[in-house]
Protein chains: 2
Amino acid sequence: MDDFEPIKKHFAKYIELTSEEEARLISFFKVKNVRKKQMIVQPDFTCKYRTYIVKGAMRAYLADDKGQTHTIAFAIEDWWISDFNSYINQVPATLFVEALEDTRVIQIDYHSEQLLMDTIPKFERFFRIAAQQSFAFLQKRMLSNLSKTAEERYDEFFQKYPSIVNRVPQYTLASYLGFTTEFLSKIRSRKK
Amino acid sequence: MDDFEPIKKHFAKYIELTSEEEARLISFFKVKNVRKKQMIVQPDFTCKYRTYIVKGAMRAYLADDKGQTHTIAFAIEDWWISDFNSYINQVPATLFVEALEDTRVIQIDYHSEQLLMDTIPKFERFFRIAAQQSFAFLQKRMLSNLSKTAEERYDEFFQKYPSIVNRVPQYTLASYLGFTTEFLSKIRSRKK
DNA sequence: AAATAAAGTTGAACTGGTTCAACTTTATTT
DNA sequence: AAATAAAGTTGAACCAGTTCAACTTTATTT
């Protein structure tokens, strides 16, 4: 299964596994193909899987009462995505996770993950590091939202993730950065 | 040392320790008293400690180029605080962490924490859970900032943390919620 | 207890970003 | 290839929250 190469390398960045341990890990993986616009997580259903993207792009978002959506995360190749709160606490989701392109993912379910951590402490380390990095990342984003203007946030994102900017619909990017799609259009038009 | 009771209970919420393991943990703790307005973390210095509050209140904030401050976190009794990015990656801090009252803290330094995790996997579990909960918490806050008005965010905070509202300076709360201290004053005045 | 500094309030003028609606362009379906 | 739907653009009117400045109240220092 060549699909597993990138995720093996991904784990190897943080922990060193024996080939038995790696085989154990991989035995829990399920490959899945998701068509563009399909949802893999929906409000009220508990999120069973942690999802790794092999190929494609997704976003997690909140739909508010006024019909607007608010993107909490994008994910492309070699990133994880889910309704994280729902997944780690095994409570009903509040978010949607939708494919922005036809996407191939690898999923591990909650109980397998617990089992891995219970039996092989290295996996506990892996998920600790992952959570800590995610937290640090989100703190930076929060501070950026608190301290910068819309245009500054757009520039920052553009510089940090140029590949995402031209890959996702503009309204999803605007909703991630915290302003309207119309305003993003205006920011862009005054740049050229 | 009666100061250690709350933090022992805190660890016990997530992991069960033998008395030897607990003794090992406590041997790494250092108690410190911090006077109001004193800083325990400053930009450019690498954050050496993870800090637990025994008694008192602190905030972590970013000071921007325009002289404004942006509060990324409050902490009171039984909470942790630090420049988390600086601490976990051992890179220079960008934030200040300041005491909002005379505060008594317990600190563990980075290398001791690593040593604990290397020798006793339960500690790896503890810090994994801590990081996951922090991440889930911050995601909720981020979504609240993306989807709600200033007044709605204030109401939500007030309902969730009534004890903090009347304990910290109003300008720190405004800067946490993402608006000005003047506007918070106006929100409050139109409530009575 | 007086003096001073820091925090909080109020109002008037302002602005960064929103809303709404009409239109154009790009993607998807038939 | 045409038809339709979805995404992106533009402008005008608007508003949620900011800015600035003067003032009042509460803490802190002497």
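Each chain gets a letter, A, B and so on, in the order its sequence line appears, and its residues count up from 1.
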Task: Given C:dT10, D:dT28, C:dG8, the nucleotide with the shortest approach to the side chain of B:K36 - done: D:dT28

- [ ] For the pair A:F127 and A:W80, name the ring-plane relationship: parallel under 30°, tilted 30 to 60°, perpendicular over 60°.
- [x] perpendicular

Open item on the list: I'd like to know if A:E156 and A:R153 make a salt bridge, using a cut-off of under 4.0 Å between side-chain N and carboxylate O.
Closed with: no

Task: Nucleotide of D:dA7, D:dT19, C:dA27 approaching A:P169 most closely (side-chain heavy atoms) - done: D:dA7

Task: Heavy-atom side-chain contact between B:Y61 and B:Y176 under 4.5 Å - done: no

Open item on the list: Does the plane of the ring in B:F135 sit parallel, tilted or perpendicular to the ring in A:F84? Use 30° and 60° as the thresholds.
Closed with: perpendicular

- [ ] Using only side-chain N and O atoms of B:T180, determine if any of them is under 4.0 Å from OP1 or OP2 of D:dT18.
- [x] yes

Open item on the list: If the cut-off is 4.0 Å, is A:T149 near the phosphate of C:dG16, judged by side-chain N/O to OP1 or OP2?
Closed with: no

Open item on the list: Rounded to whole Å, how long is the line connecting atom CZ of B:R190 with atom P of C:dT10?
Closed with: 13 Å

Task: Residue B:K37, side-chain heavy atoms: nucleotide from D:dG17, C:dA7, C:dG17 that is nearest - done: C:dA7

Task: pair A:Y154-A:R188: side-chain heavy atoms closer than 4.5 Å - done: yes

Task: Nearest-neighbour nucleotide for the B:Y171 side chain, C:dG8, C:dT10, C:dT18 considered - done: C:dG8

Open item on the list: As a test of reading the structure: which of D:dG17, D:dA21, D:dA27 is closest to the side chain of B:E182, going by heavy atoms?
Closed with: D:dA21

- [ ] Take B:D109 and B:K30 through the test side-chain contact (heavy atoms from CB on, under 4.5 Å) and record every step on the way to the result.
- [x] CA-CA 9 Å; B:D109 77 86; B:K30 282 174 199 130; 4.1 Å; yes

Open item on the list: Categorize A:T181 for me: base, sugar-phosphate, or nothing, with a 4.0 angstrom heavy-atom threshold over every strand shown.
Closed with: nothing

- [ ] Kindly say whether, by distance alone, the side chain of A:K66 makes a donor-acceptor pair under 3.5 Å with the base of C:dT18?
- [x] no

- [ ] Starting at the 5' end of DNA chain D, write a dot or bracket for each base, bracketing those in Watson-Crick or G-U wobble pairs whose two distances are under 3.5 Å and using | for partners on another strand.
- [x] ||||||||||||||||||||||||||||||

Open item on the list: Distance check needed: C:dA7 C1' versus B:L173 CG, whole Å only.
Closed with: 14 Å

- [ ] Consider the side chain of B:K186, meaning its heavy atoms from C-beta on, and name the nucleotide among D:dA12, D:dG17, C:dA12 that approaches it most closely.
- [x] C:dA12

Task: Listed nucleotide nearest any side-chain atom of A:F179, set C:dT18, D:dG17, C:dA12 - done: C:dT18

TODO: In whole angstrom, give the distance that lies between atom NZ of B:K191 and atom C1' of C:dT9.
DONE: 17 Å

Open item on the list: With salt bridge (charged side-chain N to carboxylate O under 4.0 Å, His left out) as the rule and sequence neighbours excluded, what pairs involving residues 82-107 of chain B come up?
Closed with: B:D3-B:R104, B:R35-B:D102, B:R59-B:E98, B:E101-B:R167

Open item on the list: Can you identify which nucleotide, out of C:dG8, D:dC20, C:dA6, has its nearest atom closest to the B:Q170 side chain?
Closed with: C:dG8

- [ ] Measure the distance from CG on B:L100 to P on C:dA6 and round it to the nearest whole Å.
- [x] 16 Å

Task: B:Y154 OH - C:dG8 C1' separation (whole Å) - done: 13 Å

